[in-house]
There are 2 protein chains.
Amino acid sequence: MELPIDLFEKLNSFSEPELQKEILKNGKIIKASKGDILIREGQYLNFLPIVIHGLLRVYQENEDREILLYYVGPKQTCMMSLSAAYFDYYSTANGIAMEPSEILVLPSHLIAEWQLKYPSWNKFILRTFKSRYDELLNAFGNVAFKPINLRVKEYFSDYVKNHGTSKIPISHQILANELGTTRVVISRILKQFEKDNLIKLSRGSIEYQA
Amino acid sequence: MELPIDLFEKLNSFSEPELQKEILKNGKIIKASKGDILIREGQYLNFLPIVIHGLLRVYQENEDREILLYYVGPKQTCMMSLSAAYFDYYSTANGIAMEPSEILVLPSHLIAEWQLKYPSWNKFILRTFKSRYDELLNAFGNVAFKPINLRVKEYFSDYVKNHGTSKIPISHQILANELGTTRVVISRILKQFEKDNLIKLSRGSIEYQA
DNA sequence: TTGGAAGTGTACCTTTTGATACACACATTT
DNA sequence: AAATGTGTGTATCAAAAGGTACACTTCCAA
(Lines give C-alpha, C1' and ligand atoms only; values in the text may rest on other atoms or scores of the structure.)
Protein backbone atom coordinates (compact mmCIF):
# COMPACT_ATOMS: atom_id res chain seq x y z
CA MET A 1 0.00 0.00 0.00
CA GLU A 2 1.03 3.57 -0.73
CA LEU A 3 2.64 5.51 2.06
CA PRO A 4 0.62 8.65 2.62
CA ILE A 5 2.15 12.09 2.77
CA ASP A 6 0.81 12.85 6.22
CA LEU A 7 2.34 9.78 7.85
CA PHE A 8 4.71 11.80 10.00
CA GLU A 9 1.98 13.97 11.35
CA LYS A 10 0.75 10.86 13.06
CA LEU A 11 4.14 9.30 13.77
CA ASN A 12 5.70 12.51 15.00
CA SER A 13 8.51 10.90 16.97
CA PHE A 14 10.66 10.56 13.88
CA SER A 15 12.10 13.96 13.26
CA GLU A 16 15.09 13.60 10.93
CA PRO A 17 14.15 14.20 7.27
CA GLU A 18 16.62 11.53 6.22
CA LEU A 19 14.98 9.03 8.51
CA GLN A 20 11.58 9.92 7.16
CA LYS A 21 12.85 9.36 3.64
CA GLU A 22 14.17 5.94 4.59
CA ILE A 23 10.90 4.99 6.22
CA LEU A 24 8.96 6.03 3.11
CA LYS A 25 11.34 4.04 0.97
CA ASN A 26 11.43 0.82 2.98
CA GLY A 27 8.16 0.67 4.84
CA LYS A 28 4.76 -0.45 3.81
CA ILE A 29 1.39 -0.04 5.39
CA ILE A 30 -1.00 -2.82 6.17
CA LYS A 31 -4.57 -2.66 7.36
CA ALA A 32 -5.73 -5.14 9.95
CA SER A 33 -9.33 -5.91 10.80
CA LYS A 34 -10.56 -6.39 14.30
CA GLY A 35 -9.61 -9.89 15.37
CA ASP A 36 -6.78 -10.40 12.88
CA ILE A 37 -3.90 -12.27 14.44
CA LEU A 38 -0.67 -10.55 13.46
CA ILE A 39 1.86 -12.48 15.49
CA ARG A 40 1.72 -16.06 16.74
CA GLU A 41 3.72 -17.80 19.38
CA GLY A 42 6.65 -19.56 17.80
CA GLN A 43 6.62 -17.39 14.70
CA TYR A 44 9.92 -16.16 13.32
CA LEU A 45 9.89 -12.39 13.26
CA ASN A 46 11.61 -10.30 10.66
CA PHE A 47 9.55 -7.16 10.69
CA LEU A 48 8.73 -4.33 13.05
CA PRO A 49 5.15 -3.10 13.22
CA ILE A 50 4.45 0.46 14.30
CA VAL A 51 0.82 1.28 14.91
CA ILE A 52 -0.45 4.33 13.06
CA HIS A 53 -3.95 4.07 14.37
CA GLY A 54 -5.82 1.28 16.09
CA LEU A 55 -4.79 -1.05 18.87
CA LEU A 56 -2.96 -4.35 19.19
CA ARG A 57 -3.13 -6.68 22.13
CA VAL A 58 -0.14 -8.87 22.96
CA TYR A 59 -0.68 -11.83 25.27
CA GLN A 60 0.62 -15.20 26.32
CA GLU A 61 -1.32 -18.44 26.07
CA ASN A 62 -1.25 -21.56 28.22
CA GLU A 63 -3.56 -24.40 27.38
CA ASP A 64 -6.97 -23.01 28.27
CA ARG A 65 -5.92 -19.67 29.66
CA GLU A 66 -4.25 -16.50 28.55
CA ILE A 67 -2.77 -13.41 30.13
CA LEU A 68 -2.24 -9.89 28.88
CA LEU A 69 1.27 -8.66 28.30
CA TYR A 70 0.58 -5.20 26.91
CA TYR A 71 -1.32 -3.13 24.39
CA VAL A 72 0.32 -1.42 21.45
CA GLY A 73 -1.32 1.89 20.67
CA PRO A 74 -0.59 4.56 18.04
CA LYS A 75 3.08 5.51 17.72
CA GLN A 76 4.08 2.41 19.64
CA THR A 77 5.67 -0.86 18.65
CA CYS A 78 5.86 -4.42 19.84
CA MET A 79 8.65 -5.82 22.01
CA MET A 80 8.58 -9.22 20.39
CA SER A 81 9.54 -7.74 17.05
CA LEU A 82 12.03 -5.40 18.58
CA SER A 83 13.85 -8.22 20.31
CA ALA A 84 13.92 -9.95 16.97
CA ALA A 85 15.75 -7.10 15.33
CA TYR A 86 18.97 -7.62 17.22
CA PHE A 87 19.09 -11.35 17.60
CA ASP A 88 17.24 -14.17 15.93
CA TYR A 89 13.98 -14.51 17.69
CA TYR A 90 10.86 -16.56 17.71
CA SER A 91 7.90 -14.88 19.29
CA THR A 92 6.84 -16.10 22.70
CA ALA A 93 3.55 -14.27 22.53
CA ASN A 94 0.56 -13.63 20.31
CA GLY A 95 -0.56 -10.32 18.86
CA ILE A 96 -4.08 -9.54 17.74
CA ALA A 97 -5.79 -6.41 16.43
CA MET A 98 -8.45 -5.17 18.83
CA GLU A 99 -9.73 -2.53 16.44
CA PRO A 100 -9.43 -1.91 12.72
CA SER A 101 -5.81 -0.78 12.60
CA GLU A 102 -3.35 0.73 10.24
CA ILE A 103 0.20 -0.43 10.75
CA LEU A 104 3.52 0.66 9.37
CA VAL A 105 5.69 -2.38 8.75
CA LEU A 106 9.47 -2.09 8.55
CA PRO A 107 12.03 -4.82 7.83
CA SER A 108 13.93 -5.87 10.96
CA HIS A 109 17.39 -5.41 9.58
CA LEU A 110 17.01 -1.65 9.37
CA ILE A 111 16.27 -1.18 13.03
CA ALA A 112 19.82 -1.52 14.25
CA GLU A 113 21.21 0.41 11.33
CA TRP A 114 18.95 3.41 11.84
CA GLN A 115 19.51 3.32 15.52
CA LEU A 116 23.14 4.30 15.03
CA LYS A 117 22.30 7.00 12.50
CA TYR A 118 19.20 8.73 13.80
CA PRO A 119 18.92 9.91 17.41
CA SER A 120 15.12 10.15 17.31
CA TRP A 121 14.94 6.54 16.16
CA ASN A 122 17.38 5.52 18.86
CA LYS A 123 15.28 7.22 21.45
CA PHE A 124 12.18 5.49 20.17
CA ILE A 125 13.84 2.09 20.45
CA LEU A 126 15.13 2.68 23.95
CA ARG A 127 11.90 4.17 25.19
CA THR A 128 10.11 1.09 23.95
CA PHE A 129 12.53 -1.25 25.68
CA LYS A 130 12.36 0.66 28.89
CA SER A 131 8.63 1.19 29.12
CA ARG A 132 7.79 -2.38 28.13
CA TYR A 133 10.23 -3.62 30.73
CA ASP A 134 8.74 -1.45 33.44
CA GLU A 135 5.27 -2.55 32.52
CA LEU A 136 6.22 -6.20 32.63
CA LEU A 137 8.08 -5.82 35.90
CA ASN A 138 5.03 -4.29 37.47
CA ALA A 139 2.79 -7.05 36.15
CA PHE A 140 5.26 -9.63 37.42
CA GLY A 141 5.15 -8.26 40.95
CA ASN A 142 1.37 -8.24 40.85
CA VAL A 143 1.06 -11.82 39.70
CA ALA A 144 3.66 -13.00 42.18
CA PHE A 145 2.28 -11.29 45.26
CA LYS A 146 -1.25 -10.02 44.85
CA PRO A 147 -4.48 -12.00 45.11
CA ILE A 148 -6.70 -11.87 42.06
CA ASN A 149 -9.38 -9.66 43.57
CA LEU A 150 -6.81 -6.90 44.13
CA ARG A 151 -5.56 -7.30 40.59
CA VAL A 152 -9.11 -6.93 39.31
CA LYS A 153 -9.51 -3.76 41.31
CA GLU A 154 -6.29 -2.36 39.89
CA TYR A 155 -7.36 -3.30 36.40
CA PHE A 156 -10.49 -1.24 36.91
CA SER A 157 -8.81 1.79 38.35
CA ASP A 158 -6.17 1.73 35.61
CA TYR A 159 -8.87 1.46 33.01
CA VAL A 160 -10.81 4.35 34.44
CA LYS A 161 -7.69 6.46 34.64
CA ASN A 162 -6.68 5.74 31.06
CA HIS A 163 -10.09 5.99 29.45
CA GLY A 164 -11.68 8.73 31.48
CA THR A 165 -14.88 6.76 31.93
CA SER A 166 -16.06 4.62 34.80
CA LYS A 167 -18.06 2.33 32.54
CA ILE A 168 -15.89 -0.58 31.48
CA PRO A 169 -17.22 -2.55 28.50
CA ILE A 170 -15.84 -6.03 29.15
CA SER A 171 -17.23 -9.51 29.70
CA HIS A 172 -16.18 -11.72 32.58
CA GLN A 173 -14.47 -14.10 30.19
CA ILE A 174 -12.38 -11.37 28.59
CA LEU A 175 -11.44 -9.98 31.95
CA ALA A 176 -10.32 -13.46 33.00
CA ASN A 177 -8.16 -13.56 29.86
CA GLU A 178 -6.58 -10.25 30.76
CA LEU A 179 -5.58 -11.43 34.20
CA GLY A 180 -4.65 -15.04 33.52
CA THR A 181 -7.47 -16.73 35.36
CA THR A 182 -10.87 -18.27 34.58
CA ARG A 183 -14.36 -16.92 34.07
CA VAL A 184 -15.92 -18.48 37.16
CA VAL A 185 -13.28 -16.98 39.42
CA ILE A 186 -13.92 -13.55 37.96
CA SER A 187 -17.71 -13.83 38.23
CA ARG A 188 -17.38 -14.77 41.89
CA ILE A 189 -15.10 -11.85 42.65
CA LEU A 190 -17.28 -9.39 40.77
CA LYS A 191 -20.39 -10.51 42.61
CA GLN A 192 -18.61 -9.88 45.89
CA PHE A 193 -17.49 -6.45 44.66
CA GLU A 194 -21.09 -5.66 43.82
CA LYS A 195 -22.21 -6.62 47.31
CA ASP A 196 -19.51 -4.29 48.64
CA ASN A 197 -20.90 -1.50 46.44
CA LEU A 198 -17.62 -1.22 44.60
CA ILE A 199 -19.10 -1.89 41.18
CA LYS A 200 -22.44 -2.19 39.39
CA LEU A 201 -22.81 -5.17 37.07
CA SER A 202 -24.64 -5.37 33.83
CA ARG A 203 -24.40 -7.60 30.81
CA GLY A 204 -21.18 -6.86 28.96
CA SER A 205 -20.04 -3.99 31.12
CA ILE A 206 -19.05 -2.98 34.60
CA GLU A 207 -19.52 0.37 36.30
CA TYR A 208 -16.65 1.06 38.65
CA GLN A 209 -17.56 3.29 41.56
CA ALA A 210 -14.42 4.65 43.14
CA MET B 1 39.91 3.09 43.75
CA GLU B 2 42.48 2.80 40.98
CA LEU B 3 41.38 1.30 37.73
CA PRO B 4 43.66 -1.63 36.94
CA ILE B 5 45.40 -2.04 33.63
CA ASP B 6 43.90 -5.44 32.96
CA LEU B 7 40.28 -4.29 33.31
CA PHE B 8 39.47 -4.90 29.67
CA GLU B 9 40.77 -8.40 29.75
CA LYS B 10 37.89 -9.13 32.03
CA LEU B 11 35.37 -6.77 30.46
CA ASN B 12 36.18 -7.77 26.92
CA SER B 13 32.95 -6.58 25.36
CA PHE B 14 34.23 -3.03 25.08
CA SER B 15 36.49 -2.99 22.10
CA GLU B 16 37.01 0.62 21.02
CA PRO B 17 40.20 2.12 22.46
CA GLU B 18 38.45 5.47 22.80
CA LEU B 19 35.68 3.88 24.81
CA GLN B 20 38.19 2.16 27.04
CA LYS B 21 39.87 5.48 27.64
CA GLU B 22 36.57 7.07 28.62
CA ILE B 23 35.77 4.23 30.98
CA LEU B 24 39.16 4.56 32.65
CA LYS B 25 38.65 8.28 32.99
CA ASN B 26 35.09 8.29 34.34
CA GLY B 27 34.66 4.98 36.10
CA LYS B 28 35.61 3.83 39.51
CA ILE B 29 35.78 0.44 41.08
CA ILE B 30 34.10 -0.53 44.28
CA LYS B 31 34.41 -3.71 46.27
CA ALA B 32 31.33 -5.19 47.84
CA SER B 33 31.28 -7.79 50.56
CA LYS B 34 28.89 -10.68 50.57
CA GLY B 35 25.56 -9.41 51.83
CA ASP B 36 26.12 -5.74 50.98
CA ILE B 37 22.99 -4.13 49.69
CA LEU B 38 23.85 -2.03 46.66
CA ILE B 39 20.43 -0.94 45.48
CA ARG B 40 17.27 -0.47 47.47
CA GLU B 41 13.70 -0.21 46.35
CA GLY B 42 12.77 3.44 45.95
CA GLN B 43 16.34 4.59 45.57
CA TYR B 44 17.16 7.17 42.94
CA LEU B 45 19.71 5.74 40.57
CA ASN B 46 22.40 7.74 38.88
CA PHE B 47 25.05 5.15 38.29
CA LEU B 48 25.50 1.99 36.27
CA PRO B 49 27.26 -0.95 37.90
CA ILE B 50 29.08 -3.48 35.76
CA VAL B 51 30.25 -6.58 37.56
CA ILE B 52 33.93 -7.40 37.08
CA HIS B 53 33.86 -10.44 39.26
CA GLY B 54 31.38 -11.69 41.80
CA LEU B 55 27.61 -11.92 41.68
CA LEU B 56 24.67 -9.63 42.41
CA ARG B 57 21.15 -10.75 43.08
CA VAL B 58 18.26 -8.47 42.14
CA TYR B 59 14.88 -9.18 43.69
CA GLN B 60 11.51 -7.70 44.61
CA GLU B 61 10.12 -7.59 48.11
CA ASN B 62 6.57 -7.74 49.38
CA GLU B 63 5.94 -7.63 53.08
CA ASP B 64 7.23 -10.99 54.25
CA ARG B 65 8.18 -12.47 50.93
CA GLU B 66 10.56 -11.86 48.11
CA ILE B 67 11.09 -13.11 44.58
CA LEU B 68 14.12 -13.32 42.34
CA LEU B 69 14.30 -11.09 39.30
CA TYR B 70 17.76 -11.99 38.01
CA TYR B 71 21.41 -12.39 38.80
CA VAL B 72 24.11 -10.07 37.52
CA GLY B 73 27.31 -11.94 36.80
CA PRO B 74 30.68 -10.81 35.41
CA LYS B 75 30.46 -8.53 32.36
CA GLN B 76 26.78 -7.91 33.05
CA THR B 77 24.85 -4.97 34.36
CA CYS B 78 21.61 -4.24 36.13
CA MET B 79 18.38 -3.28 34.38
CA MET B 80 17.27 -0.96 37.14
CA SER B 81 20.27 1.27 36.60
CA LEU B 82 20.04 1.01 32.86
CA SER B 83 16.46 2.18 32.86
CA ALA B 84 17.59 5.04 35.01
CA ALA B 85 20.08 6.20 32.44
CA TYR B 86 17.49 7.31 29.93
CA PHE B 87 14.73 8.60 32.11
CA ASP B 88 14.52 9.53 35.75
CA TYR B 89 14.06 6.38 37.65
CA TYR B 90 13.59 5.10 41.12
CA SER B 91 14.48 1.49 41.60
CA THR B 92 11.62 -0.94 42.02
CA ALA B 93 13.92 -3.70 43.18
CA ASN B 94 16.74 -4.49 45.57
CA GLY B 95 20.25 -5.55 44.68
CA ILE B 96 22.57 -7.44 46.99
CA ALA B 97 26.02 -8.92 46.59
CA MET B 98 25.95 -12.70 46.88
CA GLU B 99 29.72 -13.02 46.86
CA PRO B 100 32.61 -10.65 47.44
CA SER B 101 32.39 -8.64 44.26
CA GLU B 102 34.33 -6.07 42.31
CA ILE B 103 32.17 -3.64 40.44
CA LEU B 104 32.88 -0.97 37.87
CA VAL B 105 30.66 2.03 38.52
CA LEU B 106 29.90 4.53 35.77
CA PRO B 107 27.85 7.72 35.98
CA SER B 108 24.44 7.36 34.32
CA HIS B 109 24.70 10.36 32.07
CA LEU B 110 27.43 8.78 29.97
CA ILE B 111 25.44 5.74 29.02
CA ALA B 112 23.33 7.40 26.35
CA GLU B 113 26.24 9.48 25.09
CA TRP B 114 28.53 6.50 24.58
CA GLN B 115 25.75 4.51 23.05
CA LEU B 116 25.68 6.84 20.07
CA LYS B 117 29.45 6.88 19.75
CA TYR B 118 30.62 3.34 20.37
CA PRO B 119 29.00 0.38 18.63
CA SER B 120 30.30 -2.15 21.15
CA TRP B 121 28.76 -0.14 23.96
CA ASN B 122 25.51 0.11 22.06
CA LYS B 123 25.46 -3.61 21.57
CA PHE B 124 26.11 -4.14 25.27
CA ILE B 125 23.18 -1.92 26.20
CA LEU B 126 20.78 -3.53 23.80
CA ARG B 127 21.84 -7.04 24.65
CA THR B 128 21.19 -6.22 28.28
CA PHE B 129 17.73 -4.84 27.55
CA LYS B 130 16.83 -7.77 25.41
CA SER B 131 18.10 -10.57 27.58
CA ARG B 132 16.67 -9.12 30.76
CA TYR B 133 13.33 -8.71 29.05
CA ASP B 134 13.32 -12.28 27.81
CA GLU B 135 14.26 -13.54 31.23
CA LEU B 136 11.49 -11.58 32.88
CA LEU B 137 8.94 -12.62 30.30
CA ASN B 138 9.76 -16.23 30.92
CA ALA B 139 9.50 -15.79 34.68
CA PHE B 140 6.20 -14.00 34.22
CA GLY B 141 4.70 -16.87 32.27
CA ASN B 142 5.90 -19.31 34.91
CA VAL B 143 4.43 -17.39 37.81
CA ALA B 144 1.17 -16.83 35.96
CA PHE B 145 0.57 -20.39 34.82
CA LYS B 146 2.72 -22.94 36.59
CA PRO B 147 2.19 -24.46 40.03
CA ILE B 148 5.04 -24.01 42.48
CA ASN B 149 6.24 -27.59 42.42
CA LEU B 150 6.92 -27.35 38.71
CA ARG B 151 8.74 -24.08 39.22
CA VAL B 152 10.92 -25.71 41.86
CA LYS B 153 11.76 -28.51 39.46
CA GLU B 154 12.71 -26.01 36.77
CA TYR B 155 14.81 -24.07 39.24
CA PHE B 156 16.76 -27.24 39.93
CA SER B 157 17.27 -28.23 36.34
CA ASP B 158 18.32 -24.70 35.42
CA TYR B 159 20.75 -24.67 38.32
CA VAL B 160 22.25 -27.98 37.35
CA LYS B 161 22.59 -26.88 33.74
CA ASN B 162 24.27 -23.60 34.66
CA HIS B 163 26.56 -24.87 37.39
CA GLY B 164 27.43 -28.30 36.09
CA THR B 165 26.77 -29.93 39.43
CA SER B 166 23.73 -31.77 40.71
CA LYS B 167 24.37 -30.72 44.30
CA ILE B 168 22.53 -27.48 45.00
CA PRO B 169 23.65 -25.68 48.16
CA ILE B 170 20.50 -23.86 49.22
CA SER B 171 18.23 -23.79 52.23
CA HIS B 172 14.47 -24.14 52.01
CA GLN B 173 14.03 -20.54 53.10
CA ILE B 174 16.33 -19.18 50.43
CA LEU B 175 14.66 -21.29 47.80
CA ALA B 176 11.31 -19.90 48.92
CA ASN B 177 12.76 -16.40 48.48
CA GLU B 178 13.86 -17.22 44.97
CA LEU B 179 10.42 -18.36 43.94
CA GLY B 180 8.23 -15.91 45.83
CA THR B 181 6.68 -18.32 48.29
CA THR B 182 7.19 -19.44 51.89
CA ARG B 183 9.44 -21.92 53.62
CA VAL B 184 6.72 -24.34 54.70
CA VAL B 185 5.42 -24.66 51.17
CA ILE B 186 8.89 -25.46 49.90
CA SER B 187 9.63 -28.00 52.63
CA ARG B 188 6.40 -29.80 51.83
CA ILE B 189 7.15 -29.93 48.12
CA LEU B 190 10.71 -31.07 48.66
CA LYS B 191 9.63 -33.88 50.94
CA GLN B 192 7.27 -35.08 48.26
CA PHE B 193 10.04 -34.87 45.66
CA GLU B 194 12.21 -36.99 47.93
CA LYS B 195 9.51 -39.62 48.21
CA ASP B 196 9.34 -39.63 44.42
CA ASN B 197 13.12 -40.17 44.30
CA LEU B 198 13.60 -36.94 42.43
CA ILE B 199 15.97 -35.42 44.99
CA LYS B 200 17.97 -36.31 48.07
CA LEU B 201 17.69 -33.89 50.97
CA SER B 202 20.34 -32.88 53.42
CA ARG B 203 20.87 -29.88 55.65
CA GLY B 204 21.68 -26.88 53.52
CA SER B 205 21.76 -28.66 50.20
CA ILE B 206 19.74 -30.67 47.76
CA GLU B 207 20.92 -33.37 45.39
CA TYR B 208 18.94 -33.28 42.18
CA GLN B 209 18.66 -36.63 40.45
CA ALA B 210 17.54 -36.12 36.92
C1' DT C 1 30.26 -27.16 76.71
C1' DT C 2 26.55 -24.89 76.27
C1' DG C 3 23.32 -21.69 74.56
C1' DG C 4 21.45 -19.69 70.75
C1' DA C 5 20.72 -19.38 65.80
C1' DA C 6 19.51 -21.57 61.69
C1' DG C 7 17.55 -25.39 59.30
C1' DT C 8 14.11 -28.96 58.84
C1' DG C 9 9.75 -31.94 59.44
C1' DT C 10 5.16 -31.94 60.07
C1' DA C 11 0.44 -31.34 61.90
C1' DC C 12 -3.66 -28.64 61.64
C1' DC C 13 -6.43 -25.37 59.74
C1' DT C 14 -7.89 -21.55 56.49
C1' DT C 15 -8.07 -19.15 52.31
C1' DT C 16 -7.66 -18.86 47.54
C1' DT C 17 -8.14 -20.59 43.28
C1' DG C 18 -9.65 -23.80 40.02
C1' DA C 19 -12.85 -27.42 37.65
C1' DT C 20 -17.31 -28.90 36.44
C1' DA C 21 -22.00 -28.59 35.91
C1' DC C 22 -26.27 -26.51 35.15
C1' DA C 23 -29.93 -22.93 34.95
C1' DC C 24 -31.30 -18.91 33.05
C1' DA C 25 -31.12 -14.32 30.75
C1' DC C 26 -30.25 -11.65 26.84
C1' DA C 27 -29.12 -10.85 22.02
C1' DT C 28 -28.92 -11.98 17.21
C1' DT C 29 -30.14 -14.43 13.28
C1' DT C 30 -33.24 -17.15 10.67
C1' DA D 1 -41.15 -16.97 17.31
C1' DA D 2 -37.63 -20.36 17.33
C1' DA D 3 -33.03 -21.45 17.40
C1' DT D 4 -28.54 -20.49 18.61
C1' DG D 5 -24.73 -18.39 20.79
C1' DT D 6 -22.96 -15.60 24.41
C1' DG D 7 -23.00 -13.93 28.99
C1' DT D 8 -23.94 -14.47 33.87
C1' DG D 9 -25.05 -16.62 38.61
C1' DT D 10 -24.11 -20.07 41.53
C1' DA D 11 -23.53 -24.64 43.81
C1' DT D 12 -20.39 -28.30 44.78
C1' DC D 13 -16.09 -30.27 45.15
C1' DA D 14 -11.03 -30.51 44.82
C1' DA D 15 -6.48 -28.85 44.76
C1' DA D 16 -2.99 -25.48 45.72
C1' DA D 17 -1.03 -22.42 48.67
C1' DG D 18 -0.54 -20.06 52.84
C1' DG D 19 -0.38 -19.24 58.22
C1' DT D 20 0.82 -20.78 62.69
C1' DA D 21 2.72 -23.62 65.86
C1' DC D 22 5.96 -26.65 67.71
C1' DA D 23 9.44 -30.29 68.04
C1' DC D 24 13.77 -31.57 66.89
C1' DT D 25 18.42 -31.33 64.75
C1' DT D 26 22.67 -29.35 63.41
C1' DC D 27 25.94 -25.84 63.53
C1' DC D 28 28.62 -22.27 65.45
C1' DA D 29 30.26 -18.98 68.52
C1' DA D 30 30.68 -17.37 73.25
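Chain identifiers are assigned alphabetically (A, B, ...) following the order of the sequence lines, protein sequences preceding nucleic acid strands; residue numbering begins at 1 within each chain. The structure displayed is predicted, hence computed values, not measured ones.
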With respect to the phosphate group of [N], does any side-chain polar atom (N or O) of [X] fall under 4.0 Å of OP1 or OP2?
X        : N      : result
A/Arg183 : D/dG9  : no
A/Arg65  : C/dG18 : yes
B/Thr181 : D/dG18 : yes

Identify, between A/Lys195 and A/Ala144, the residue whose nearest nucleotide on DNA chain D lies closer to the 5' end. A/Lys195

Within this structure, what is the [atom1]-to-[atom2] distance between [X] and [N], rounded to whole angstrom?
X        : N      : atom1 : atom2 : value
B/Glu194 : C/dT10 : CD    : P     : 9 Å
A/Arg188 : C/dT16 : CZ    : P     : 11 Å
B/Ile186 : C/dT10 : CD1   : P     : 16 Å
A/Asn62  : C/dG18 : CG    : P     : 12 Å
A/Gln173 : D/dT6  : CD    : C1'   : 10 Å
A/Phe193 : D/dT8  : CZ    : C1'   : 17 Å
B/Asn149 : D/dA15 : CG    : P     : 14 Å
A/Ile199 : D/dG9  : CD1   : C1'   : 13 Å

Nucleotide nearest [X] when distance is taken to its side chain, options [options]:
X        : options                : value
A/Ser171 : D/dG7, C/dG9, D/dG9    : D/dG7
B/Val184 : C/dT16, C/dT20, C/dT10 : C/dT10
A/Asp64  : C/dG9, C/dA19, D/dG9   : C/dA19
B/Ser187 : C/dT17, C/dT20, C/dT10 : C/dT10
A/His172 : D/dG9, C/dT16, C/dT10  : D/dG9

Does B/Arg203 contact D/dT26 through a side-chain donor or acceptor facing the base, at a distance under 3.5 Å? yes

Aromatic ring centroids of [X] and [Y] under 6.0 Å?
X        : Y        : answer
B/Tyr133 : A/Phe129 : no
A/Phe140 : B/Phe140 : no
A/Phe8   : A/Phe14  : no

Assess, by modelled atom type and distance only, whether the side chains of B/Glu207 and B/Ser166 contain a donor and an acceptor separated by less than 3.5 Å. yes

Here's a test of your reading of the structure: between A/Thr182 and B/Gly204, which maps to the more 5' nucleotide of DNA chain C? B/Gly204

Residue pair B/Leu45 / B/Ser108: nearest heavy atoms and the distance that separates them: O-OG, 4.1 Å

Which is true for A/Ile148 with a 4.0 Å heavy-atom rule: it touches a base, it touches only sugar-phosphate, or it touches nothing? sugar-phosphate

